[in-house]
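For reference, the structure discussed in these notes is given below.
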Amino acid sequence: MSSVLERFLRYVRIDTQSDPNSETFPSTAKQRNLSNLLAEELRALGVADAHVDAHGYVYATIPSNSDRKDVPVICFCSHVDTSPDVTGENVKPIVHRNWDGSDIILPDDHSQVLRITELHDLDQQIGNDIVTASGTTLLGADNKAGVAEIMAAAEYLLANPQIKHGDIKILFTPDEEVGRGTEKVDLQKLGADFGYTVDGEAIGTLEDETFSADGVKITIHGVSTHPGYAIGKLENALKIAAEILARLPKDKLSPETTEDKEGFIHPVQMEGIQEKAVLSFIIRDFTVAGLHGKEALLKSIMEDVLKGYPNSSAEFKVQEQYRNMKEILDQHPEVIQNALEAMKRVGLNPIQRSIRGGTDGSRLSFMGLPCPNIFAGEHAFHSKLEWVSVQDMEKAVEVIVELAAVWAESKL
């Protein structure tokens, strides 16, 4: 039987980077290379209905083997794409066996060093086997660790029918990293009552709360004229944009100055010419009221800056991205209780916490599939220092298997 490590090492070598600027779905055709492989491997395990749909989603069902007919249908979900922030081409995974706590210098770029003093949770891994990339790419543990764990758990359940469970749905999504992971998912076709994304960080963590998220786009229309004859006429859209950015708070409301339940206003892109410029922001908070307050502040900054440019104008457009899944999960406490119980049964002390970010589970929850996030063991994601522990991945497989059994035993 393939181990989770063997699967993971195979999957990360497949480039599945998504593209935020693409208008296709999936945003990159290469994501299908992994999706097609996963469906093929599931069918080889005996999952007869495993397939990739027209949009690149993998759907599969492990049929119930329980005598009970009232076991809820649960889904395990991970995403196949990797972040656009760092290249995922030619990933060369390295397994550092029985790590002794010393610095891990990545061989293809010696400036990339994993240090126990600098990377969160690394100090918990002495004696374990650490997987990294080689220094010039990300690793892809976000979220191929989750993919490998779900696949390994599926294989284990199919090989051990004495473990009773209800129908289990498997869902692998494209384009999560560019905010489109649930855009074309068919929940009626999936047919699950509850779900779990396997896309979290530290071992034993269960995340039941996310940011609420909006995007804001400010489009500035300046006044363009020949720079040699511009006196009293030119109102440069780029300078207006720069002034808006310069007026953002320096000591608060930014990713670099906030933590815990604090939200932020974060500029992510600026483009344009002197006639027209566009600023793109992401706004994050754990409450919708907090989102609206930050958007009002940003709009007031824009309007105040424009007072100095009387012939220019700007459009302020807000786009909802996702909402805090806790609002939905609090209505279905059994989803959290069963996950906590599964973690305890495999010897973990579960940690229930919030995500300063979002997952596919945020949108899935509001679409009708309550869906918290289980740890996958991924760390330092979206960077060349990304790492995962083999032992943490193995424990995640145990949790998935045990969680299937807990649902088969639970009384609703």
Side-chain angles (χ1 to χ4, degrees), residues 1-19 24-65 73-82 88 91 140-160 165-178 180-192 195-199 359-361 364 369 371 374 376 393 396-397 400-401 404:
M1 186 166 66
S2 298
S3 73
V4 66
L5 175 60
E6 290 168 344
R7 290 186 179 278
F8 179 70
L9 296 179
R10 282 193 283 113
Y11 299 159
V12 297
R13 290 185 171 94
I14 302 171
D15 181 11
T16 58
Q17 191 175 45
S18 49
D19 179 2
T24 66
F25 196 96
S27 63
T28 54
K30 59 189 176 183
Q31 293 178 66
R32 291 180 178 271
N33 294 333
L34 179 53
S35 296
N36 289 334
L37 174 64
L38 294 171
E40 180 182 324
E41 290 186 352
L42 284 166
R43 289 192 296 270
L45 291 174
V47 183
D49 71 344
H51 68 283
V52 182
D53 78 353
H55 305 297
Y57 291 85
V58 179
Y59 295 85
T61 307
I62 301 176
S64 172
N65 64 0
V73 179
I74 61 170
C75 171
F76 294 105
C77 172
S78 289
H79 62 90
V80 299
D81 65 314
T82 59
V91 172
D142 179 14
N143 185 220
K144 290 170 185 171
V147 171
E149 289 154 9
I150 292 172
M151 291 292 292
E155 183 175 16
Y156 189 85
L157 286 168
L158 289 163
N160 291 273
H165 57 80
D167 284 342
I168 297 170
K169 300 290 183 173
I170 293 171
L171 176 66
F172 295 130
T173 67
D175 281 348
E176 189 267 359
E177 296 290 1
V178 295
R180 299 172 64 192
T182 62
E183 187 172 298
K184 296 185 183 297
V185 69
D186 186 339
L187 289 188
Q188 184 174 359
K189 174 181 176 177
L190 183 67
Y196 298 91
T197 52
V198 185
D199 192 15
T359 70
D360 275 344
L364 289 171
L369 184 69
C371 195
I374 295 173
M393 287 195 294
V397 176
I400 294 168
V401 169

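Since the structure is predicted, the reported quantities are computational estimates derived from the model, not experimental observations.
- With hydrogens and angles ignored, the 3.5 Å screen pairs a side-chain donor or acceptor of E6 with a backbone N or O of S3.
- Remark: the backbone N or O of E176 is not paired with any side-chain donor or acceptor of R180 at under 3.5 angstrom.
- The side-chain heavy atoms of L369 and L190, taken from C-beta on, include a pair separated by under 4.5 Å.
- Side-chain atoms of R43 come within 3.5 Å of backbone atoms of A50 as a donor-acceptor pair (strictly under, hydrogens ignored).
- At least one side-chain heavy atom of K189 sits less than 4.5 Å from a side-chain heavy atom of D53.
- Remark: K169 fails to qualify as a cation-pi partner of F76 under the 6.0 Å distance and 45° angle criteria applied to the six-membered ring.
- The shortest non-hydrogen separation linking S18 to T28 is CA-OG1, 3.9 Å.
- Annotation for N143 and A376: closest pair ND2-CB, 4.4 Å, computed over non-hydrogen atoms.
- Residues P174 and G56 approach most closely at CD-O, 4.0 Å, considering heavy atoms.
- A donor-acceptor pair under 3.5 Å is absent between the side-chain atoms of D167 and the main chain of P63, judged by distance alone.
- In this structure, the side chains of E155 and E41 stay at 4.5 Å or more apart for every pair of heavy atoms.
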Inset, instruction - Carefully, step by step, assess I74 and H165 under the rule side chain to side chain contact (heavy atoms under 4.5 Å, CB included). - result: CA-CA 10 Å; I74 61 170; H165 57 80; over 6 Å; no
Inset, instruction - Could you check H51 against Y59 for ring-ring contact (aromatic ring centres under 6.0 Å, His included), going step by step and ending with a plain yes or no? - result: CA-CA 6 Å; H51 68 283; Y59 295 85; 5.8 Å; yes
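- One distance of note links CD1 of I170 with CD1 of I62; it measures 4.0 Å at 0.5 Å rounding.
- Summarising the geometry, atom OH belonging to Y11 is positioned 5.0 Å from atom CG belonging to L38; distances are rounded to the nearest 0.5 Å.
- For S78 (side chain) and V198 (main-chain N/O), a donor-acceptor pair under 3.5 Å exists by modelled atom type.
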Inset, instruction - Verify side chain to side chain contact (heavy atoms under 4.5 Å, CB included) between L157 and V401, making sure each step is shown before the conclusion. - result: CA-CA 7 Å; L157 286 168; V401 169; 3.8 Å; yes
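- The shortest heavy-atom contact between M393 and A145 is SD-CB, 4.0 Å.
- Minimum heavy-atom separation, G191 to V73: O-CG1, 3.4 Å.
- Within the model, atoms SG of C75 and CD1 of I150 stand 7.5 Å from one another, a figure rounded to the nearest 0.5 Å.
- For the pair D19 and V178, the minimum side-chain heavy-atom distance is 4.5 Å or more.
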Legend entry - Worked check of side chain to side chain contact (heavy atoms under 4.5 Å, CB included) between N36 and V58: CA-CA 8 Å; N36 289 334; V58 179; over 6 Å; no
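- Atom OG1 of T16 is separated from atom CG of L34 by 6.0 Å, given to the nearest 0.5 angstrom.
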Inset, instruction - Check the pair E149 / K144 against salt bridge (Lys or Arg N to Asp or Glu O under 4.0 Å), numbers first and verdict last. - result: CA-CA 8 Å; E149 289 154 9; K144 290 170 185 171; over 6 Å; no
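- Checking side-chain atoms of T359 against main-chain N and O of G361 turns up a donor-acceptor pair under 3.5 Å.
- Between the SG atom in C77 and the OH atom in Y196 there is a gap of 13.5 Å [rounded to 0.5 Å].
- A cation-pi contact links K184 to F25, judged by a cut-off of 6.0 Å to the six-membered ring centre and 45° from its axis.
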Inset, instruction - For side chain to side chain contact (heavy atoms under 4.5 Å, CB included), just list the numbers for Q31 and D175, CA-CA rounded to whole Å, side-chain angles, deciding distance to a tenth of an Å, and then say yes or no. - result: CA-CA 8 Å; Q31 293 178 66; D175 281 348; 2.7 Å; yes
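- The distance from atom CG of L37 to atom CZ of F172, rounded to the nearest 0.5 Å, is 10.5 Å.
- Smallest separation of non-hydrogen atoms from T173 and G181: CB-O, 3.5 Å.
- When atom types are taken as modelled, the side chain of D81 and the backbone of E177 share a donor-acceptor pair closer than 3.5 angstrom.
- Two residues are said to be in side-chain contact when any heavy atoms from C-beta on lie closer than 4.5 Å; P26 and H55 fail this criterion.
- When side chains are defined from C-beta on, T82 does not count as touching V91, because their heavy atoms never get closer than 4.5 Å.
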